[in-house]
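In what follows, a structure is listed as structure tokens, so that the remarks can point back to it.
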Amino acid sequence: MPELPEVETIARQLRGLIVGRTIAHFRSDWRRLTEPEPADLFAARLAGRAIRGVRRRGKLVVMDLDDGEALIVSLRMTGQLLFREKEVEAHPYRRAHIAFTDGTALEFADTRKFGRMAIVDATALDGATHAPRRVGEPLHRFLGVEPLSRAFTVRWLRDFLARRGRSAIKPLLLDQTGIAGVGNIYDIEALWRARIHPLRTAGSLADDEVGRLHEALRWVLRKGIRYGGATRRDYRDARGKEGRMQREFNVYDRAGDPCPRCGAEIVRTVVGGRGTFHCPRCQRLPRGAARPARSRA
DNA sequence: GGCGATGTTTCCCC
DNA sequence: AGGGGAAACATCGC
């Protein structure tokens, strides 16, 4: 689940838990975690470094080190960063372990092994819209605007949608190079709130719809943060707790349930290869628009 | 046990 | 440019 609200929750917790601590050592036996850098070199670069701050950029957890570098973590599907006050039995899917000099530790658990870590130039993440890049390294791609920042205005969104006018709105919102941090769940919930069909093309949205989408994105992301993120399967926050946002879903994973707004039955389709939920009455596709022919029930 | 689905992202093909 | 599909993995539910 780690989308923007889940990552923000973890980053905020870690800020209070690890800032000021010094790394004693880093251990990992999952080589792809730090690729292309070998884990032992990675460990050597981290040893003795202090954690100066923790923040979020898109779906990345950013741990600022001294010397202007940062340790960034991409949780992907099932990654968890768990703070440990003292020695505990290793998580069954532990992929890395960061021990601090005072005996506390940060454990990285990840069942599906999609998670990645890198040490990067921290300034490259600051305020800029570029993440550091290194050829072939998935963490280092271009990241778009932060949807909860002041830079994300209705005007920006309108221009963005116009530029990418031919794309369907649902997969477009998932593109991290446009808006950074939106994942499948909040995408679906925001489109429902804005009453926009997932297959509408970006360029076809009227001004009032763009305004609603802008409000809806910020509203669902903020609510997700307020509720500590959403738990689906493996999500746990930095304290090992589940979020509460999953109880607040209006359409996500609710096929067959009545729409909370109009009572029509929520349907599940597939858009851009992703499971998608919407209300067929509240979220209409205009006559003559692309039919959801490629979607499957 | 088999099949399909899962929150993410990249890559390759058309 | 954008869409589709597969792949990176492991687990879970039907």
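Residue numbers start from 1 in every chain, and the chains themselves are labelled A, B, ... in the order their sequence lines are given, proteins ahead of strands. Values below: all heavy atoms of this structure, side chains included; hydrogens, waters and symmetry mates excluded.
Checking the phosphate oxygens (OP1, OP2) of B:dT6, a side-chain nitrogen or oxygen of A:Arg268 falls inside 4.0 Å. Within the structure, every side-chain polar atom (N or O) of A:Arg112 is placed at least 4.0 Å from both OP1 and OP2 of B:dT6. Using a 4.0 Å cut-off, no side-chain N or O of A:Arg116 falls inside it from OP1 or OP2 of B:dT8. Checking the phosphate oxygens (OP1, OP2) of B:dT10, no side-chain nitrogen or oxygen of A:Arg76 falls inside 4.0 Å. Residue A:Tyr235 places none of its side-chain N or O atoms closer than 4.0 Å to OP1 or OP2 of B:dT6. The phosphate of B:dT9 (OP1 or OP2) has a side-chain N or O of A:Gln176 nearer than 4.0 angstrom. Taking side-chain N and O atoms only, A:Lys59 has no distance below 4.0 Å to OP1 or OP2 of B:dG7.
Here the side chains of A:Thr9 and A:Tyr227 are not in contact, with every heavy-atom distance at 4.5 Å or above.
The CG-C1' distance, from A:Leu60 to B:dT9, rounds to 11 Å in whole Å. The distance between atom CD of A:Glu35 and atom P of C:dC9, rounded to the nearest whole Å, is 9 Å. Distance CZ (A:Arg32) to P (B:dT9): 16 Å, rounded to an integer number of Å. Straight-line distance from the CG atom of A:Leu174 to the P atom of C:dG2: 14 Å, rounded to whole Å. For the pair A:Phe114 CZ and B:dT8 C1', the computed distance is 8 Å after rounding to whole Å. The nearest whole Å value for the distance from the CG atom in A:Asn184 to the C1' atom in B:dG7 is 7 Å. Rounded to whole angstrom, the span from the CD1 atom of A:Ile185 across to the P atom of B:dA5 amounts to 17 Å. One can place CE of A:Met77 at 14 Å from P of C:dC12, the figure rounded to the nearest angstrom.
Stem analysis of DNA chain C (at least three stacked-register Watson-Crick or G-U pairs, each with both distances under 3.5 Å) gives B:2-6 with C:10-14, B:8-14 with C:2-8.
In plain terms, the two heavy atoms of A:Gly243 and A:Thr231 that are nearest each other are N-OG1, 2.7 Å.
In this structure, the side chain of A:Asn184 engages the main chain of A:Gly275 through a donor-acceptor pair within 3.5 Å. A donor-acceptor contact shorter than 3.5 Å is absent between the side chain of A:Lys223 and the backbone of A:Arg218. A donor-acceptor pair is defined here as one N or O able to donate and one able to accept, closer than 3.5 Å; no such pair exists between the side chain of A:Gln80 and the backbone of A:Tyr235.
Listed by first and then second residue, the ring-ring contact (aromatic ring centres under 6.0 Å, His included) pairs that reach into residues 154-173 of chain A are A:Phe152-A:Trp156, A:Trp156-A:Phe160, sequence neighbours excluded. The stretch residues 38-86 of chain A participates, sequence neighbours left out, in these ring-ring contact (aromatic ring centres under 6.0 Å, His included) pairs: A:Phe26-A:Phe42.
Atom CZ of A:Arg166 is surrounded by 12 or fewer heavy atoms from other residues, nucleotides or ligands within 6.0 Å.
Within 4.0 Å of A:Gly79, counting heavy atoms only, lies no atom of the nucleic acid at all. Base engagement by A:Arg274 is indicated by at least one non-hydrogen atom pair under 4.0 Å involving a base atom. Residue A:Gly183 is in sugar-phosphate contact alone, with no base atom involved, counting any heavy-atom pair closer than 4.0 Å across all strands shown.
For A:Ala168, taking side-chain heavy atoms from C-beta onward, the closest of the listed nucleotides C:dG3, B:dG7, C:dC9 is C:dG3.
Rounded to whole Å, the separation between the P atoms of B:dA5 and C:dG5 comes to 12 Å.
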